[in-house]
Colleague: 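Please see the structure below; I have some questions.
What you see below is based on every heavy atom in this structure, not just the backbone, and it leaves out hydrogens, waters and symmetry mates. All ligand and atom numbering here is 1-based and tracks the order in the structure. Heads up: numbering here begins at 1 and tracks the sequence.
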Amino acid sequence: MNATTLSNLISQIVENLPENVRHSLSKVTTVRAVQVGLGLVIVGQFYRSWKNRVPVPRYGGIVSFSVLLSTIRMIRRGPTVWSEYYSKYPMAMMPNGSRWLLVVRDEFVDEVNRAPDSVLSFASATEETIQIPYTLGAQVADNEYHHIVIRNYMTRHLHSIFPEVYDEVRHTLENDITLNTNEWKELHVFPWVLDVVAKASNRVFVGTPLCRNPEWLSIVIDGATSVVKTAAIINMFPVNLRSIVGWLVSTKDARNRQASVLAKDVIEAHLNKVGKAENADFLDSLLSVAPQEELNVEDITRRIITVNFAAIHTSSLNLTHALYWITARPEYVEPMREEIEAVITEMGWSKNAISHMPKVESFMKECMRVVPLGSISMARRVIKPFTFSNGISPPIGTIIAAHVYATHMDEAHYANPGTFDGFRFVKSGADVEGKPKETMYSTSASYMAFSHGRHACPGRFFASMELKIIFAYLVLNYDFTWPSEVTRNLKPGEKYRPKDMWFGSTFVPDPEAKILVRKRQAESSFA
Ligand code: HEM
């Protein structure tokens with residue numbers, strides 16, 4: 001239903017009203033109607049915040065009656081607001097666009113994790129955040145069988161997945177004309193990273209040639225952006241209007257139809273060998289756990305799009321941060337090159353080699369510590385009565401979340417937390433096999449870039465491997481610097497890095513920033 005259809009519908013309803021009601025309505029001016037509407041919205045917000053009050057401090061000051069105004073106020077103050085509330089209060093109500101969150105400090109993280117899903121529900125919180133029925137499809141939330149494939153196949157088979165990812169990364173980078181000259185060339189980082197990550201990930205999900213098909217890549221990349229935008233629009237409306245708005249703005253079916261046409265051949269080839277596959281790949285594993293009614297091209301395509309949604313932007317945001325940091329801190333390049341060369345000489349490019357690079361591992365982990373995906377994680381909706389050890393019992397429907405950014409910036413956990421220290425985690429040492437003790441994917445109540453506990457990201461083992469392959473390959477084979485126009489006015493000793501953007505609880509690296517790249521001048525023979 002578009003705006004014209006909606007307005008026709010309203011006209012029809014009005015026409016069918018009794019004559020006296022229509023007469024009164026015709027006297028109401030537009031200005032008066034807007035005034036009354038705004039009044040109702042404000043009264044509604046007061047009522048809702050009173051009804052859902054939790055006896056803990058609430059951010060917002062004089063605008064704390066409105067979650068929207070409080071969010072705007074918070075965005076204007078910058079991410080340090082989270083640290084300020086974290087240091088003052090063990091729990092606080094923080095605004096997050098369309099709703100309040102009960103955000104808890106690290107001492108309550110284990111209590112949240114221990115509560116079963118039937119009490120504090122991850123699925124219910126996620127369903128609201130990304131409005132799954134309208135953005136990906138209700139069946140995705142009803143049966144998350146794709147998680148089994150991520151937890152099992154994509155985690156236990158990293159050794160056999162490695163050669164494919166490595167081959168795709170190498171193929172993409174070596175055929176990139178911007179990278180492979182001795183001249184400095186400008187690279188628009190974020191879209192470029194999205195393309196590299198999407199190709200490498202889809203090499204695993206759907207194989208060649210589909211993983212290099214520009215139409216497919218644009219569907220899976222833009223599809224993820226569309227999920228986030230559509231969910232944001234739906235969440236701007238009151239709960240009882242969301243299903244109508246969701247139905248009006250959803251683009252998921254059109255996207256799925258378009259993607260199914262492209263994925264038909266590869267899915268049908270896999271459907272024809274269900275139960276007979278040797279050396280099962282990602283699609284074989286997905287089909288082996290899919291219920292009978294989903295064994296068709298459209299439903300399997302929907303799952304692949306869903307896995308792409310979880311995988312591509314998350315990984316790309318982190319790799320973009322890493323490229324900005326390495327360009328901003330060139331002193332880390334040589335030590336990492338030495339490490340990568342030494343390991344590759346001994347082990348060759350392999351999963352094992354990638355796991356034996358403590359400096360690369362630490363650098364990537366530090367990027368995720370300093371700028372995680374967002375200021376909170378571990379969102380859970382209270383669906384049955386729950387009481388914290390301090391006696392706070394949030395009403396049913398409250399969404400609880402844990403501080404991530406503020407935890408990562410806590411001096412009790414990290415020395416000089418506000419300073420980027422690329423080799424911070426190298427100091428933790430290595431295990432008996434020489435693998436770093438602090439990996440990118442190890443989670444704790446003090447490191448939650450991948451969240452923590454039962455619902456910590458199941459794709460983190462794959463994501464860490466993929467990101468390290470791309471990053472190590474780039475560091476080894478290419479040089480980076482900033483374009484002169486952004487560094488020209490720096491004072492002596494001043495370092496440049498594009499400013500991160502932040503929207504309430506989400507951090508985004510500058511999506512417009514560019515760096516200069518060229519082939520590494522002192523040739524490496526390790527590609
Ligand atoms: C650097 C890359 C990534 C980051 C930083 C990241 C981060 C996260 C975070 C913070 C969560 C939420 C957990 C919670 O709130 O408790 C999550 C969940 C999830 N992630 Fe990732 N992720 C990344 C890559 C991936 C990849 C590559 C995949 C799949 C191949 C994936 C699949 C998932 C899934 C399926 C969930 C939902 C888990 C559940 O319902 O229990 N992620 N991720």
Colleague: Could you check whether any side-chain N or O of Glu361 sits under 3.5 Å from a backbone N or O of Thr439, counting only pairs where one atom can act as donor and the other as acceptor?
Modeller: no
Colleague: From atom 4 (C) of ligand 1, work out which of Phe450, Phe122, Phe205, Tyr441 has a heavy atom at the shortest distance.
Modeller: Phe450
Colleague: Any idea which atoms of ligand 1 are less than 4.0 Å away from a heavy-atom of Ile150?
Modeller: 29 (C), 35 (C)
Colleague: Do the side chain of Arg424 and the main chain of Ala415 share a donor and acceptor less than 3.5 angstrom apart?
Modeller: yes
Colleague: Out of Gly453, Cys367, Ala125, Cys457, whose heavy atom sits nearest atom 17 (C) of ligand 1?
Modeller: Cys457
Colleague: Give the residue, atom name and distance (to 0.1 Å) of the protein heavy atom nearest atom 28 (C) of ligand 1.
Modeller: Gly459 CA, 3.6 Å
Colleague: I want to confirm something. Looking only at heavy atoms, which of Pro458, Ala310, Ser377, Ala379 is nearest to atom 19 (C) of ligand 1?
Modeller: Pro458
Colleague: Considering heavy atoms of the protein only, find what lies nearest to atom 26 (C) of ligand 1 and give residue, atom and distance to 0.1 Å.
Modeller: Ala311 CA, 3.6 Å
Colleague: Does NZ or CZ of Arg369 lie under 6.0 Å from the centre of the six-membered ring of Tyr414, at an angle within 45° of the ring axis?
Modeller: yes
Colleague: Using a 4.0 Å cut-off to any heavy atom of Asn318, which atoms of ligand 1 qualify?
Modeller: 1 (C), 5 (C)
Colleague: Tell me the contacting part of Thr314 for ligand 1: side chain, backbone, both, or neither, using a 4.0 Å heavy-atom threshold, strictly below.
Modeller: both
Colleague: Give me the one residue out of Met409, His403, His408 that meets side chain to side chain contact (heavy atoms under 4.5 Å, CB included) with Ser83.
Modeller: Met409
Colleague: Under 3.5 Å, is there a donor-acceptor pair between the side chain of Ser226 and the main chain of Asp222?
Modeller: no
Colleague: Which option, Met378, Met440, Glu466, owns the non-hydrogen atom nearest atom 15 (O) of ligand 1?
Modeller: Met378
Colleague: Could you tell me whether a side-chain N or O of Asn308 sits under 3.5 Å from a main-chain N or O of Ala198, the two making a donor and an acceptor?
Modeller: no
Colleague: Examine the side chains of Glu438 and Tyr447 and answer whether a donor and an acceptor come within less than 3.5 Å of each other.
Modeller: no
Colleague: Do the side chain of Thr155 and the main chain of Asn152 share a donor and acceptor less than 3.5 angstrom apart?
Modeller: no
Colleague: If you measure from each non-hydrogen atom of Met364 to ligand 1, which part falls under 4.0 Å: side chain, backbone, both or neither?
Modeller: neither
Colleague: Backbone N or O of His171 within a donor-acceptor pair of the Asn175 side chain at under 3.5 Å?
Modeller: yes
Colleague: Answer yes or no: does atom CD of Glu293 have more than 12 heavy-atom neighbours from other residues, nucleotides or ligands under 6.0 Å?
Modeller: yes
Colleague: Could you tell me, atom by atom, which parts of ligand 1 come under 4.0 Å of a heavy atom of Arg380?
Modeller: 16 (O)
Colleague: Say whether Arg151 and ligand 1 are in contact under the criterion: heavy-atom distance to a ligand atom below 4.0 Å.
Modeller: yes
Colleague: Looking just at side-chain N and O atoms, do Thr230 and Gln131 make a donor-acceptor pair shorter than 3.5 Å?
Modeller: no
Colleague: Heavy-atom contact check, 4.0 Å cutoff: does His146 meet ligand 1?
Modeller: no
Colleague: Can you tell which part of His321 has a heavy atom less than 4.0 Å from ligand 1: side chain, backbone, both or neither?
Modeller: neither
Colleague: What are the atoms of ligand 1, with element, lying closer than 4.0 Å to any heavy atom of Ala463?
Modeller: 2 (C), 24 (C), 27 (C)
Colleague: When you look for heavy atoms under 4.0 Å from ligand 1, do you find them on the side chain of Glu144, its backbone, both, or neither?
Modeller: neither
Colleague: When you look for heavy atoms under 4.0 Å from ligand 1, do you find them on the side chain of Ala449, its backbone, both, or neither?
Modeller: backbone
Colleague: Would you mind finding which of Ser451, Ala123, Ser315 brings a heavy atom closest to atom 16 (O) of ligand 1?
Modeller: Ser451
Colleague: Could you tell me, atom by atom, which parts of ligand 1 come under 4.0 Å of a heavy atom of Met368?
Modeller: 5 (C)
Colleague: Quick one: does Ser355's side chain have a donor or acceptor within less than 3.5 Å of a partner on Lys351's backbone?
Modeller: yes
Colleague: Does even one non-hydrogen atom of His147 get within less than 4.0 Å of ligand 1?
Modeller: yes
Colleague: Please report which non-hydrogen protein atom sits nearest to atom 13 (C) of ligand 1, along with the residue it belongs to and the distance in Å to one decimal place.
Modeller: His455 O, 3.2 Å
Colleague: Classify the contact between Leu373 and ligand 1 as side chain, backbone, both or neither, using a heavy-atom distance cut-off of under 4.0 Å.
Modeller: side chain
Colleague: Quick check on Tyr441: does its OH atom have over 12 non-hydrogen neighbours (other residues, nucleotides or ligands) under 6.0 Å away?
Modeller: no
